[in-house]
Amino acid sequence: LAEKSRDQKMHRTLHRPLPAGHISKAHAFVFGIVLAYIGVSILSFGANVYAAGIALLTILIYILVYTPLKPLTTFNTIVGALVGALPPLIGCVAASGTIDIGGWILAGILFIWQMPHFLALAWMYREDYLRGGFKMLPAIDRSGELTARVSVMTSLCLIPLALLMTVVGSTGILFAITGSILGGFMTMKSITFWRHRDDATARRLFFASIIYL
């Protein structure tokens, strides 16, 4: 709702239902509230109140913090990554009633993974984000140097995090091997993106991140 006018300026989002005028803001608001209520309620009664609480926190951070920050500062990506890292904690506390060290590490993996994943996407659509008034890093980092360096550094972090999951006993050796290989794969794509900084290498990094997940 808050981004309807900005989405109407972006080619990537212009034809989505709300900016295209296929649904009203009132209908979108009611639909969102109902889905959020149902989701939190199901978690509360089907799992526990802790899982429901984290889910509610996820929704609130996204709406009240992440969304307003998007046109103001490039740090919005970090807040958005935090939102994306919370679902593993929901699953962890829903399954066991508590969050163990493995749950925190898994959340860390999701947090770190979103950096190269989203920065690659934002680089491909940097002109669109600029047109829409969103303060995404690639939209103001015109050379792409900082964007690519952050992608490389965060991709590198995925390898030790995968190994740490096995060290603490949350996963087996197969996860450590596979996670390390996929982390290395993403790092290679990030380095290629850093060297060339064009749409083609950014797209390959984006798809590599999907394969990793």
Taking all atoms of both residues into account, what is the closest heavy-atom pair of A208 and M186, and its distance?
O-CG, 3.9 Å
Working to the nearest 0.5 angstrom, can you tell me the gap between T58 OG1 and I63 CD1?
11.0 Å
State, to 0.1 Å, how close F111 and I78 come at their nearest heavy-atom pair, and which atoms those are.
CE1-O, 3.5 Å
Test item: S41 side-chain N/O and Y37 main-chain N/O as donor-acceptor pair under 3.5 Å
yes
Tell me whether F185 at atom CZ has more than 12 heavy atoms from other residues, nucleotides or ligands lying less than 6.0 Å away.
yes
Using every non-hydrogen atom in the two residues, find where T98 and S96 come nearest and quote the distance to one decimal.
O-OG, 2.8 Å
Check whether any side-chain heavy atom of M136 sits under 4.5 Å from a side-chain heavy atom of K70, and report yes or no.
yes
Could E127 and R142 be called an ion pair, given the rule that one side-chain N must be under 4.0 Å from one carboxylate O?
yes
Would you say T73's side chain and N76's backbone share a donor-acceptor pair under 3.5 angstrom?
no
Test of understanding: clusters of I, L, V, M, F, W, Y form through side-chain heavy atoms closer than 4.5 Å, transitively. Do L57 and V93 belong to the same one?
yes
For L163 and F175, what are the C-alpha separation, side-chain angles and deciding distance, and is it a side chain to side chain contact (heavy atoms under 4.5 Å, CB included)?
CA-CA 8 Å; L163 295 173; F175 183 93; over 6 Å; no
I'd like to know if the side chain of R6 and the backbone of E3 have a donor-acceptor N/O pair within less than 3.5 Å.
no
Tell me whether the NZ or CZ atom of R204 lies within the 45° cone about the ring axis of F193 and under 6.0 Å from its centre.
no
Is the count of non-hydrogen atoms from other residues, nucleotides or ligands lying under 6.0 Å from R12 atom CZ greater than 12?
yes
Taking all non-hydrogen atoms of both residues into account, name the closest pair between I105 and L161 and its distance.
CG2-O, 3.7 Å
What do the steps show when you test L121 against M124 for side chain to side chain contact (heavy atoms under 4.5 Å, CB included), and what is the final call?
CA-CA 5 Å; L121 179 68; M124 289 188 289; 4.0 Å; yes
Do Q8 side-chain atoms and P19 backbone N/O form a donor-acceptor pair below 3.5 Å?
yes
Please name the pair of heavy atoms, one in Y50 and one in G97, separated by the smallest distance, quoted to 0.1 Å.
CD1-O, 4.5 Å
In sequence, state the C-alpha distance, the side-chain angles, and the governing distance for D100 and C92, and then conclude on side chain to side chain contact (heavy atoms under 4.5 Å, CB included).
CA-CA 8 Å; D100 59 16; C92 186; 3.7 Å; yes
Less than 4.5 Å apart, any side-chain heavy atom of L213 and any of L110?
yes
To the nearest 0.5 Å, how far apart are OG1 in T147 and CG in L137?
3.5 Å
Is the shortest heavy-atom distance from the side chain of S151 to the side chain of L205 under 4.5 Å?
yes
K135 NZ: over 12 foreign heavy atoms closer than 6.0 Å
no
Would you compute the distance between atom OG1 of T178 and atom CG of L174 and round it to the nearest 0.5 angstrom?
4.0 Å
Find out whether L89 and W104 are in side-chain contact, i.e. whether some heavy atom of one side chain is under 4.5 Å from a heavy atom of the other.
yes
Are side-chain heavy atoms of D7 and F134 found at a separation under 4.5 Å?
yes
Residues D128 and R131 bridged, charged N to O under 4.0 Å:
yes
Can F118 be reached from F207 by stepping across I, L, V, M, F, W or Y side chains whose heavy atoms are under 4.5 Å apart?
yes
Taking the side chain as C-beta and beyond, is there a heavy-atom pair between T74 and I140 under 4.5 Å?
yes
Rounding to 0.5 Å, atoms NE2 (H117) and OG1 (T154) come to a distance of 12.0 Å
Does L43 share a hydrophobic cluster with V83, counting links as ILVMFWY side-chain heavy atoms below 4.5 Å and allowing steps through other members?
yes
Keeping S209 on the side-chain end and F206 on the backbone end, is there a donor-acceptor pair under 3.5 Å?
yes
Honestly curious: do L182 and M115 fall in one hydrophobic cluster under the side-chain, below-4.5 Å linking rule?
yes
Take a 6.0 Å sphere around NE2 of H15 and say whether it holds more than 12 heavy atoms from other residues, nucleotides or ligands.
no
Could you check, using the six-membered ring where one of them is a Trp, whether Y66 and Y62 have ring centers closer than 6.0 angstrom?
yes
Are I59 and L64 connected in the hydrophobic side-chain network, where two residues link if heavy atoms are under 4.5 Å apart?
yes
Can you name the closest pair of heavy atoms from M165 and G102 and give their distance?
SD-O, 3.4 Å
State, without any angle test, whether D198 and T201 hold a side-chain donor-acceptor pair at a distance under 3.5 Å.
yes
Is the closest basic N to carboxylate O distance between R126 and D199 below 4.0 Å?
yes
Non-hydrogen side-chain atoms of I109 and Y212 separated by less than 4.5 Å:
yes
